[in-house]
Enquirer: 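Supplied in structure tokens, the structure appears directly below.
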Amino acid sequence: GQGHTISGLSISGRDEADFGLFGYNAGTIKNLNVNGTVDCINDTGLIAGENKGTIENCHVSGSVTGSTAGGLVGRNAGIITKCTSSVSATETRYEAGSLVGYNSGTITYSGATGNVSGNGNQIAGLVGFNENGTLENCYAGGNISGTATYQGGLVGRSSHGRIAYCYASGMVKNHSGAGLVDNVYETKILFCYYNNANTGNQLGIPATTAQLKQQSTYTGWDFENIWEIEDDYPVINVRGQAGAYDIEGDGSEENPYLIKTEADLVALTKGVLPIGSKNYYKLANNIVLTSGNWTPIGGNSESNFAGVFD
């Protein structure tokens with residue numbers, strides 16, 4: 001798309017599958033902005049009804065309605081990266097999200113701020129239903145309303161998925177809903193934050209609106225290469241990639257990793273440092289933790305700690 005915008009997209013009243021600027025994408029779509037309205041029965045999104053390819057650096061605004069509706073893509077089994085949506089999404093039967101309705105692929109470095117409503121199965125600010133999918137370094141800021149069975153600030157329902165380094169700041173069911181994810185099964189959730197004004201459940205790490213606007217809240221997040229924050233909520237600005245973590249020692253019994261700082265402990269929590277067997281750690285200093293809500297080392301649906309910590 002060369003950074004250009006296609007506006008005026010309008011599709012409605014059609015009882016078929018895969019509706020958007022592209023119906024079914026198995027290729028690569030990048031650097032494109034789209035504004036419009038899609039109101040159809042199945043798999044609706046402004047960029048594509050269904051994606052099994054790659055969508056990169058695309059941005060959408062407008063509205064979508066459908067049984068599986070997403071502002072960017074209705075149904076994703078491919079790769080979505082560096083995309084944003086301010087689309088309002090309405091679910092009529094199955095799932096809806098301001099970015100993606102149904103996800104079984106990978107979504108990274110992306111965010112959505114549109115409001116989502118529905119009366120069917122699952123709706124949320126980013127992805128309605130995440131099944132065998134990965135969400136990493138993403139955010140949602142829209143409000144969620146309706147009578148759908150599962151309603152979440154970030155994800156409505158997740159099964160056999162992974163969700164890491166994400167946050168949701170919106171209001172869910174007038175604050176009575178789930179701030180992050182409403183229903184989970186065999187899903188790994190790591191370093192994810194939600195607005196604690198939502199009282200539906202306690203999946204993820206709770207934070208006040210003020211805390212969600214402070215960099216110090218986000219333990220383990222990469223604000224050098226991925227995120228940035230000024231006077232509002234964090235946004236994505238990918239400008240590099242973190243290198244290998246520098247720590248003294250090689251993890252052997254003779255030369256254990258030396259844990260000297262809080263950052264070293266966080267690296268262990270994140271899995272940047274190995275937590276499996278035959279890895280040895282030695283605490284070299286007293287450490288005062290500054291994280292307001294610590295994420296345990298091992299567990300949390302990730303691998304258990306099986307090394308030696310002295």
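Along the sequence shown, residues carry numbers from 1. Note that this is a predicted model, so its numbers are computed, not measured.
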Enquirer: Do V266 and Y245 have side chains that get closer than 4.5 Å, going by heavy atoms?
Expert: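 SC-SC contact between V266 and Y245 ruled out.
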Enquirer: Do L46 and V34 come within less than 4.5 Å of each other through their side chains, counting heavy atoms only?
Expert: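 Yes, their side chains come closer than 4.5 Å.
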Enquirer: Measure from the side-chain N and O atoms of S10 to the backbone N and O of G8, and report whether any donor-acceptor pair falls under 3.5 Å.
Expert: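 No, because the side chain of S10 does not come within donor-acceptor range (under 3.5 Å) of the backbone of G8.
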Enquirer: I163 and S158: side chain to side chain contact (heavy atoms under 4.5 Å, CB included), yes or no, with the steps?
Expert: CA-CA 9 Å; I163 306 171; S158 184; 4.1 Å; yes
Enquirer: Between L283 and F309, is there a side-chain heavy-atom distance shorter than 4.5 Å?
Expert: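 Side-chain contact under 4.5 Å: yes.
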Enquirer: Among side-chain atoms of S176 and N174, is any donor-acceptor pair under 3.5 angstrom?
Expert: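 N174 and S176 do not have a side-chain donor-acceptor pair below 3.5 Å.
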Enquirer: Between Y94 and F129, is the ring centroid distance below 6.0 Å?
Expert: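 No, too far apart.
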Enquirer: Could you measure the distance from the CG atom of D43 to the CG atom of D18? Nearest 0.5 Å is fine.
Expert: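 D43 CG to D18 CG: 5.0 Å, rounded to 0.5 Å.
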Enquirer: Do the side chain of N198 and the main chain of G200 share a donor and acceptor less than 3.5 angstrom apart?
Expert: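 No; zero donor-acceptor contacts below 3.5 Å.
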Enquirer: Report the relative orientation of the aromatic rings in F223 and Y218; use parallel for angles under 30°, tilted for 30 to 60°, perpendicular for over 60°.
Expert: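 Tilted, since the angle between the ring planes falls between 30° and 60°.
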Enquirer: Side chains of T65 and V38: does their closest heavy-atom pair fall under 4.5 Å?
Expert: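 When only atoms from C-beta onward are counted, V38 and T65 do not touch, as no gap falls below 4.5 Å.
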Enquirer: If only side-chain N and O atoms count, and only distance matters, is there a donor-acceptor pair under 3.5 Å linking T149 with N121?
Expert: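 Side-chain D/A pair, N121 to T149: absent.
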Enquirer: Rounded to the nearest 0.5 Å, what separates atom NZ in K82 from atom NE2 in H59?
Expert: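 Result: 10.5 Å between the selected atoms.
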Enquirer: Going by the angle between their ring planes, with limits at 30° and 60°, are W221 and Y193 parallel, tilted or perpendicular?
Expert: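 Answer is perpendicular, since the angle exceeds 60°.
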Enquirer: Would you mind reporting whether L265 and I259 have side-chain heavy atoms less than 4.5 Å apart?
Expert: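 A side-chain contact exists here, since the closest heavy-atom pair is under 4.5 Å.
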Enquirer: Without swapping roles, check the side chain of N119 against the backbone of T147 for a donor-acceptor pair under 3.5 Å.
Expert: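 Yes: the side chain of N119 pairs with the backbone of T147.
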Enquirer: A side-chain contact here means heavy atoms from C-beta on lying under 4.5 Å apart; do L99 and Y139 qualify?
Expert: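 Sidechains of Y139 and L99: no contact.
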Enquirer: Could you check if a side-chain atom of Y102 sits within less than 4.5 angstrom of a side-chain atom of E50, using non-hydrogen atoms only?
Expert: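 With C-beta onward as the side chain, the pair stays apart.
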Enquirer: Ignoring hydrogens and angles, tell me if any N or O in the side chain of Q214 forms a donor-acceptor pair with the backbone of S216 under 3.5 Å.
Expert: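 Not a single qualifying donor-acceptor pair exists.
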Enquirer: Under 4.5 Å between any side-chain heavy atoms of Q241 and N225, yes or no?
Expert: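 Sidechains of N225 and Q241: no contact.
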Enquirer: Report yes or no: does T44 contribute a side-chain atom to a donor-acceptor pair with the main-chain N or O of N42 at less than 3.5 Å?
Expert: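 Answer holds: no.
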Enquirer: So, does S67 use its side chain to make a donor-acceptor pair with the main chain of I41 at under 3.5 Å?
Expert: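 Flag set: sc S67 to bb I41 pair under 3.5 Å.
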